[in-house]
Amino acid sequence: MRRTAFETIEAPDFDLALTLDSGQAFHWERAGAGFVGAIGDRAVYVEQCGSVLKVRDGEPPTLPRVISRYFSLDHPLAEICASFPNDPAMRTASDYCRGLRIIRQPRWECLATFITSSMKQVAHIRQISRTLRRRFGETRTVHGIETHVYPAARRIAELNEVELRKCALGYRAKNLLSTARLISRGEVDLDRLATLPDEELRARLCELPGVGAKIANCVLLFAYERLRAFPIDVWIERILRERYLQRRRKLTSEKLRQFCNEYFGAYGGYAQQYLFHHARTTASQKRKPSSTKPAPRLSRKAR
DNA sequence: ATACAGGCTCGCC
DNA sequence: GGCGAGCCTGTA
């Protein structure tokens, strides 16, 4: 029986590969000319041909609306970019990231993934996500390729710390487990939190084990459509210090937060993602710059 | 080999 | 209420 044909979706101002490689989601795999991954429970194949996406669901019918919503094809990208502050760093990043969109991820999956991301490089975050999915997530097939959905909170909740540590989570295992159990028991309802305003939502997320300001802001941005949320990680902090706040001393995290909120404005999350992705990808090309020291946060224990 | 990652959390001052 | 150290593990 012949496989169903692709559906197509109009996707102007969109760069699929760039978006999937920008460190928002960590499970999409290249498959031929496209990518295979899961959107919630659905296995999906997506391929970009110019301004059109060819898509296919593992269990037809294919639902273009699910896909266009996931990739936020409705975001007014021109308006968003026009809202950015007009400075050299922002212009460079903005040109470099044309077509990069902030995607809408399922809440638990996003929260869990970022809990496992702390102090990790992208390659390793991907690996942890893959291991958790393969061991504990349901299997799906699309485009002749197997993929796995992210395990639900209640599935994680019934594991123990030892099993999770075997997935290379290290100290993050305890945090993921505790948070999964809170959610599984219904003590926290991620969907209900969606009605809260930004500040309150952030505060509630920060109550979860393993969630601080940075991870909470990632979840606000990638799972709650709060496009003003501005996660500050080591990359962004470096950029802010080097390009925006050179001569300021005594930069507390509170002052950084304030500056970002005011300076980058209503679409700060987009600005952050562009700055972040530009810095991260161009830094790995240079490979040498001896002046690019990892910033003054390196006190390690000597042995 | 060894430093260091897209942090959070404590204990100390 | 700011600052530093410890926590795990894979990658460069």
Side-chain angles (χ1 to χ4, degrees), chain A residues 19-27 93 97 100 102-103 105 110-132 160-179 182 202-223 229-242 249-257 260 268-290 292-303:
Chain A
T19 298
L20 291 180
D21 185 42
S22 66
Q24 307 181 57
F26 301 90
H27 69 286
C97 296
L100 196 171
I102 302 287
I103 65 183
Q105 301 186 44
C110 180
L111 171 64
T113 303
F114 278 95
I115 285 176
T116 64
S117 79
S118 101
M119 211 58 204
K120 283 294 177 195
Q121 303 178 123
V122 170
H124 196 195
I125 302 168
R126 293 181 66 90
Q127 183 185 314
I128 291 173
S129 169
R130 187 164 50 239
T131 306
L132 289 173
N160 59 51
E161 194 179 328
V162 174
E163 291 173 280
L164 284 175
R165 277 184 180 257
K166 285 181 188 159
C167 302
L169 269 89
Y171 64 87
R172 303 157 195 82
K174 185 195 284 274
N175 294 332
L176 181 63
L177 185 58
S178 303
T179 296
L182 281 172
R202 177 164 29 240
R204 298 296 301 277
L205 290 173
C206 284
E207 291 171 2
L208 300 171
V211 180
K214 190 271 178 184
I215 290 174
N217 278 325
C218 284
V219 178
L220 254 70
L221 181 58
F222 301 134
F230 198 103
I232 300 177
D233 53 47
V234 291
W235 289 94
I236 288 295
E237 183 168 341
R238 199 175 308 156
I239 294 167
L240 291 174
R241 289 178 186 278
E242 288 174 2
R249 312 160 189 275
K250 280 194 27 178
L251 274 180
T252 61
S253 53
E254 175 56 21
K255 284 183 181 169
L256 277 180
R257 192 198 62 74
C260 295
Y270 258 95
Q272 177 274 159
Q273 195 63 20
Y274 285 17
L275 290 169
F276 169 78
H277 187 252
H278 175 252
R280 190 173 71 83
T281 52
T282 56
S284 60
Q285 284 169 9
K286 291 190 211 159
R287 204 61 285 197
K288 344 186 52 181
S290 53
T292 318
K293 280 186 278 197
R297 58 178 357 268
L298 50 152
S299 44
R300 273 299 118 189
K301 59 169 176 226
R303 97 168 22 159

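Chain letters run A, B, ... following the sequence lines, proteins first and then strands; every chain starts at 1. All values below were derived from every heavy atom in this structure, side-chain atoms included, with hydrogens, water molecules and symmetry-related copies excluded.
Contact annotation: Q127(A) does not reach the phosphate of dT9(C) (side-chain N/O to OP1 or OP2, under 4.0 Å). Of the side-chain N and O atoms in R165(A), one or more sit less than 4.0 angstrom from OP1 or OP2 of dC8(C).
Of the candidates dC7(C), dG6(B), dG10(C), dC7(C) carries the atom nearest the Y171(A) side chain, counting heavy atoms from C-beta on. For M119(A), the side-chain atoms get nearest to dG7(B) when compared with the rest of dG6(B), dG7(B), dT9(C).
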Working note: L205(A) + L208(A), criterion side-chain contact (heavy atoms from CB on, under 4.5 Å); need CA distance, chi angles, decisive distance, verdict. CA-CA 6 Å; L205(A) 290 173; L208(A) 300 171; 4.1 Å; yes
Does R241(A) form a salt bridge (charged side-chain N to carboxylate O under 4.0 Å, His left out) with E237(A)? I'd like the steps, not just the answer. CA-CA 6 Å; R241(A) 289 178 186 278; E237(A) 183 168 341; 2.9 Å; yes
For the pair R172(A) and S118(A), evaluate side-chain contact (heavy atoms from CB on, under 4.5 Å) and give the outcome as yes or no after the intermediate values. CA-CA 8 Å; R172(A) 303 157 195 82; S118(A) 101; 3.7 Å; yes
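Residue L164(A) is out of contact with every strand shown, counting any heavy-atom pair closer than 4.0 Å. Across all strands, V211(A) comes closer than 4.0 Å only to sugar-phosphate atoms, never to a base (heavy-atom distances). Using a 4.0 Å heavy-atom criterion, one finds that T116(A) contacts no nucleic acid atom at all. Residue I236(A) is out of contact with every strand shown, counting any heavy-atom pair closer than 4.0 Å. Residue contacts for G23(A): at a heavy-atom cut-off of 4.0 Å it reaches a base atom on one of the strands shown. Counting non-hydrogen atoms under 4.0 angstrom, A213(A) reaches the backbone sugars and phosphates but no base. When heavy atoms are screened at a 4.0 angstrom cut-off, A168(A) is found touching the sugar-phosphate backbone but no base atom.
In this structure, the side chains of R130(A) and H27(A) stay at 4.5 Å or more apart for every pair of heavy atoms.
Summarising the geometry, the separation between CD1 on I128(A) and P on dG7(B) is reported as 13 Å, rounded to the nearest angstrom. One atom, CG of N175(A), and another, P of dG6(C), lie 19 Å apart when rounded to the nearest Å. A straight line from CG of L176(A) to P of dC8(C) spans 15 Å, rounded to a whole angstrom. Atom C1' of nucleotide dT9(C) and atom CG of L169(A) are separated by 10 Å, given to the nearest angstrom. If you take CD of E207(A) and P of dC8(B), they are 15 Å apart, rounded to a whole angstrom. Atom CG in L256(A) sits roughly 14 Å away from atom P in dG7(B) (whole-Å rounding). Between R238(A) atom CZ and dG6(B) atom P there is a gap of 9 Å when expressed in whole angstrom units. Regarding I115(A), its CD1 atom lies at a distance of 18 Å from the P atom of dG6(B), rounded to whole Å.
Using modelled atom types, one finds no donor on one side chain facing an acceptor on the other under 3.5 Å when comparing T252(A) with E254(A). No side-chain donor from either of Y274(A) and S22(A) sits under 3.5 Å from a side-chain acceptor of the other.
For dG6(B), its base never sits under 3.5 Å from the side chain of K120(A) at any donor and acceptor pair. With hydrogens and angles ignored, a donor-acceptor pair closer than 3.5 Å exists between the side chain of R172(A) and the base of dC8(C).
Nucleotide dG6(B) forms a pair with no other nucleotide shown, judged by Watson-Crick or G-U wobble geometry with both contacts under 3.5 Å. Base pairing of dC8(C): no nucleotide in any strand meets the Watson-Crick or G-U wobble criterion (both distances under 3.5 Å).
When the P atom is compared between dC8(C) and dG11(B), the two are found 15 Å apart, to the nearest whole Å.
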